[in-house]
*Asks:* 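Sharing a structure below in structure tokens format, with a few things to ask.
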There are 2 protein chains.
Amino acid sequence: MSKKQMKLGLSMRYMGYHVGSWRHPDVPADGASLFQSFLEVAQTAERAKFDMLFLADGIGVRLDDKPKGSMCRSRHNVELEPLTLLSALAPLTRNIGLVATASTTYNEPYHIARKYGSLDQISGGRAAWNVVTSWSDQEAWNFSMSKQLDYDTRYERAHEFVEVVTGLWDSWDEDAFLLDKESGVFYDEKKMHVLDHVGKHFSVRGPLSVRRSPQGRPILVQAGVSEPGQQIAAEYCDIVFMAKNDLKSAQDYYSSVKDRLEHFGRKKSDLLMMLGLTPIVGRTREEAQEKYEQLEALIDPIVGLSMLYRSFGDLSHLPMDGPVPKPDLDKVGLKSSAQMYYDLAQKQGLTIRQLYKKIGMAQEHKTVVGTAADVVDEMESWFEQGAADGFNITPSLLPHGINDFVELVLPKLRRRGRFRDEYEGRTLRENLGLPVPASRYATTASADRRLAS
Amino acid sequence: MSKKQMKLGLSMRYMGYHVGSWRHPDVPADGASLFQSFLEVAQTAERAKFDMLFLADGIGVRLDDKPKGSMCRSRHNVELEPLTLLSALAPLTRNIGLVATASTTYNEPYHIARKYGSLDQISGGRAAWNVVTSWSDQEAWNFSMSKQLDYDTRYERAHEFVEVVTGLWDSWDEDAFLLDKESGVFYDEKKMHVLDHVGKHFSVRGPLSVRRSPQGRPILVQAGVSEPGQQIAAEYCDIVFMAKNDLKSAQDYYSSVKDRLEHFGRKKSDLLMMLGLTPIVGRTREEAQEKYEQLEALIDPIVGLSMLYRSFGDLSHLPMDGPVPKPDLDKVGLKSSAQMYYDLAQKQGLTIRQLYKKIGMAQEHKTVVGTAADVVDEMESWFEQGAADGFNITPSLLPHGINDFVELVLPKLRRRGRFRDEYEGRTLRENLGLPVPASRYATTASADRRLAS
């Protein structure tokens, strides 16, 4: 019997998750603004048969110059926008999925349904939406708001937003368009559905001006660890991105999400849990360690402290080689990161300097430093122990990180039967092995026909 | 001395402006949803050295089934969304401009500045935004509004929207990014500008998370004939799209817009007036007339009446071969079209049937039926008499219409020295021969340097 295989995604934002990646000699310093950089990375990932490309997002330039001098040293300033970038990559790729992040707090559901629907048409069924609620006042200030919506309202709005978007995606049955040149009838009125949504946050009539997705509907992704985030994932999503550093908490989270699926009439296999993973690979462990140290040296201390700022406030008055203080969770922007960073520091006994170096390497993602065999061992171990269905590779540097992974790690993963040699299907949903959700307007009879076919 | 040359654009929406284009044997009936259809058209236009591709837009599916049975016979239902489509075309083209429509009524300026800024980076300076205010309640219903904003508010909002977007596009000086790997300094703080806009409709802090446009800023297009529309055009825009059927009214409008430029410190040559033109070309006049009649036959009377509905209300109880009644301008959706259609009917003594056939051919755009010489004569005549700086070709059918135009009309236009053999520049702005607007933060000294270079 063939072994169960892993799914693999590649995170491309800023051409590498290392905070100083742009300073590395092999990285184009302005790569985040260059289409050509992303194209090369995307084509490498597709040749390697990755399931998907992923772009995280935030909408704005953060102007916290804390500590002073850190802002102009950060590369988090300019970049290409995810939907335009993935649309441009669509016709130059054939099989790989295209996952773009968009916020439910600063968008309108009709636009999101339409743009992702359109990308899905253009790409032949490879579009995915990573649903986020955003988390900072700095974004609110770009959208005529004095501060962000409170937490509960953000998630309540997100839930309704996803309900509307998925509803709009059901506007047209697959066979709605008769296109009968002779009689002049373009579509069958019985196969067009008017949403007429009226809710607390949105009133949206529909129908959507994009035809039904080649994959039933675009893939939905969620990354929030909060209770309401998990609920949205269980009810609607196909994929959850997770950032976990220890096996036990990954297993707990994995089960927590999967256990919720049954309530919505879904099977555990209907949703894939993808763990963020940053491999620093060498031909020997020594070479990997050298690479790691070279990367550490690229982290300017002031930039390191600025990364801790949003979780801990200003730590520049404390000894860098002293302990990490407990964050004030009521005051910080992104609670979940603050808690995770603090737990990490406690567990591993990290100093402030050690913590920012760790985060600077790959943000909150699990890092493995070692040979290809070390990396594959670790991946297989987490995969087998119910902590992940696959991995979202978050390389420190691009294109370096993906080249290394493809050259060194993938052959071993394949040799162990854990990753595909060829794409199985045409759409992202087919390649992920996920079921096509029935239209909310499908009758039982037609749903049965679909299942039988 | 070489003759002054025309600019040429190609409108691609729905694969042809003829209301029944999809019924024509040569047209892919579902072409508006097929990326490949647009790609072929775009590449033909680029080989022919067209200045730009244009996509009009509306956000929703209109559900007026008036007269009954017309709705399911209309092709205005599903299509690809302009920004995703043009982004996908960007890497498969090299020189041609990419003009996408977006509404100021149902968008946020930060998103628009960012997405068009990103498309501009991806395309190497070929992005353009056609600024519209939208005009129907049917769109409002998709955006949690019970009816559209009133006319004055729409234009007031549009004006402020454009002010914010152009401000955001000045967020970074061209040379802001030092990218100094050694010192770790990414950008020069003095060359980043925080907009801090606080106005009646928007509060937007900025800066934009996209670097400065390769063409200074994306090209701005306006098509509104109203007083406030002309003001926005004169203050901010590079191009005006116009729909006029008689020379005199085109000349008046041309002067009206151009005369406003001086007030904003701009020259008449700083803005280009582009006339919508639908050529029905044959090798002989008879062949052209035959094509025209073949096209007329594709217009289902019920679809014809539905096109008049939004200007005149339901005319199905009136004799089709009788006169066109005066529209009630206070009640109709799009006042300017209603007035234009009525004037056209009056001037040419058209019956209801004749009017819908005329509109069905190319909406409100000027139509020329004849040989290539006839078309070129007409174009040259309007161009020389101060009615247009160029033409936005609105073909009845695609790809047929552009193939015909390129094969038959363009060689004659070139022989008369009226159209380019090769692109002059790299960006859309360079090819249009338009000046780069100075950043609002430019000092006089640096502005002088720019002009001198």
Side-chain angles (χ1 to χ4, degrees), chain A residues 20 22-23 25 29-30 33 35 39 59-61 63 71-75 77-81 83-85 87-88 90-92 106-108 110-111 114-115 117-119 121-122 141-144 172 177 179 181 184-189 194 202-211 300 303, chain B residues 20 22-23 25 29-30 33 35 39 59-61 63 71-75 77-81 83-85 87-88 90-92 106-108 110-111 114-115 117-119 121-122 141-144 172 177 179 181 184-189 194 202-211 300 303:
Chain A
W22 68 275
R23 297 180 67 188
D30 57 349
S33 293
F35 176 67
L39 177 60
I59 326 166
V61 177
L63 296 184
M71 209 169 67
C72 69
R73 287 178 164 76
S74 161
R75 49 67 194 274
N77 299 297
V78 290
E79 60 184 326
L80 299 176
E81 183 276 335
L83 262 176
T84 44
L85 172 54
S87 298
L92 298 172
Y106 306 111
N107 277 296
E108 287 285 335
Y110 200 93
H111 285 312
R114 188 177 181 218
K115 287 192 160 70
S118 182
L119 175 60
Q121 295 291 331
I122 292 169
W141 298 336
N142 289 328
F143 294 94
S144 304
W172 301 92
F177 297 96
L179 307 174
K181 291 189 179 199
V185 176
F186 199 86
Y187 68 86
D188 180 346
E189 289 180 69
V194 182
F202 304 106
S203 299
V204 178
R205 190 193 61 173
L208 189 66
S209 56
V210 179
R211 66 182 180 183
D300 192 317
V303 175
Chain B
W22 68 274
R23 298 180 67 189
D30 57 348
S33 293
F35 176 68
L39 176 60
I59 326 167
V61 178
L63 296 185
M71 209 170 68
C72 69
R73 288 178 162 76
S74 160
R75 50 72 194 271
N77 300 298
V78 289
E79 61 184 325
L80 299 176
E81 183 276 335
L83 261 176
T84 42
L85 171 54
S87 298
L92 298 172
Y106 306 110
N107 277 296
E108 287 286 334
Y110 200 92
H111 285 311
R114 188 177 180 218
K115 286 193 160 68
S118 182
L119 175 60
Q121 295 292 331
I122 292 169
W141 299 335
N142 289 328
F143 295 94
S144 304
W172 301 93
F177 297 97
L179 307 175
K181 290 188 178 197
V185 177
F186 198 85
Y187 69 86
D188 180 346
E189 290 181 71
V194 182
F202 304 106
S203 299
V204 179
R205 190 192 62 175
L208 188 66
S209 55
V210 179
R211 64 182 182 183
D300 192 317
V303 175

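Computed from a predicted structure; not experimentally measured.
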*Asks:* Between Leu85(B), Ile59(B), Val194(B), which residue shows the highest count of heavy-atom pairs closer than 4.5 Å to chain A?
*Replies:*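 Winner by heavy-atom pair count: Ile59(B).
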*Asks:* Sub-3.5 Å donor-acceptor pair from the side chain of Ser144(B) to the main-chain atoms of Ser203(A), do we have one?
*Replies:*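 The answer is yes, because a donor-acceptor pair under 3.5 Å joins these two groups.
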*Asks:* If we ignore hydrogens and angles and just use 3.5 Å, is the side chain of Tyr110(B) paired with the main-chain N or O of Pro207(B) as donor and acceptor?
*Replies:*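 Checked: pair present.
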*Asks:* Apply side chain to side chain contact (heavy atoms under 4.5 Å, CB included) to Ser118(B) and list each qualifying residue two or more places apart in sequence or on a separate chain.
*Replies:*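 With sequence neighbours excluded, Ser118(B) shows a side chain to side chain contact (heavy atoms under 4.5 Å, CB included) to Leu80(A), Glu81(A), Thr84(A), Ile122(B), given in chain and number order.
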*Asks:* Heavy-atom distance under 4.5 Å to chain A: side chain of Leu179(B), backbone, both or neither?
*Replies:*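 Both parts, backbone and side chain.
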*Asks:* Which answer fits Leu39(A), side chain, backbone, both or neither, if we ask what part of it has an atom under 4.5 Å from a heavy atom of chain B?
*Replies:*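 For Leu39(A), neither part sits under 4.5 Å from chain B.
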*Asks:* Return the minimal non-hydrogen interatomic distance between Arg23(A) and Gly184(B), and the atom names on each side.
*Replies:*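 Residues Arg23(A) and Gly184(B), closest heavy atoms: NE-CA, 3.5 Å.
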*Asks:* So, do Leu92(B) and Leu92(A) sit near enough that their side-chain heavy atoms are less than 4.5 Å apart?
*Replies:*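 Result yes, sub-4.5 Å side-chain heavy-atom pair found.
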*Asks:* Heavy-atom pairs under 4.5 Å with chain B: which of Val204(A), Asp188(A), Leu83(A) has the most?
*Replies:*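 Highest number of pairs under 4.5 Å: Val204(A).
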*Asks:* Chain A: which of Trp141(B), Tyr187(B), Phe143(B) shares the most heavy-atom pairs with it under 4.5 Å?
*Replies:*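 When all of Trp141(B), Tyr187(B), Phe143(B) are compared, Tyr187(B) has the most.
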*Asks:* Could you check which of Arg205(A), Lys115(A), Glu108(A) has the highest count of heavy-atom pairs closer than 4.5 Å to chain B?
*Replies:*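 Max contact count across the listed options: Arg205(A).
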*Asks:* Flag the one option from Glu189(B), Met71(B), His111(B), Arg75(B) with the top tally of heavy-atom pairs under 4.5 Å to chain A.
*Replies:*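 Looking at each option in turn, the highest pair count goes to His111(B).
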*Asks:* Please state whether the side chain, the backbone, both or neither of Phe186(B) comes within less than 4.5 Å of a heavy atom of chain A.
*Replies:*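 Interface part for Phe186(B): both.
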*Asks:* Could you have a look at Ser87(B), Cys72(B), Gly117(B), Ala88(B) and say which one has the most heavy-atom pairs with chain A under 4.5 angstrom?
*Replies:*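 Sorted descending by pairs with chain A, the first entry is Cys72(B).
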*Asks:* Taking the side chain as every heavy atom from C-beta outward, state whether Gln121(B) and Glu79(A) have any atom pair closer than 4.5 Å.
*Replies:*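 With C-beta onward as the side chain, the pair stays apart.
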*Asks:* Under a 4.5 Å cutoff for heavy-atom pairs, which residue among Val303(B), Leu119(B), Asn77(B), Asp30(B) has the most contacts with chain A?
*Replies:*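 Top count of heavy-atom pairs under 4.5 Å with chain A: Asn77(B).
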*Asks:* Who among Gly20(B), Gly60(B), Pro25(B) has the most heavy-atom pairs with chain A under 4.5 Å?
*Replies:*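 Counting heavy-atom pairs under 4.5 Å, the top option is Gly60(B).
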*Asks:* So does Gly206(A) get a backbone contact from the side chain of Asn142(B), meaning a donor-acceptor N/O pair under 3.5 Å?
*Replies:*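 Indeed, once roles are kept as given, a pair shorter than 3.5 Å links the two residues.
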*Asks:* Apply ring-ring contact (aromatic ring centres under 6.0 Å, His included) to Phe202(B) and list each qualifying residue two or more places apart in sequence or on a separate chain.
*Replies:*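 For Phe202(B) the ring-ring contact (aromatic ring centres under 6.0 Å, His included) partners, ignoring immediate neighbours, are Phe161(B).
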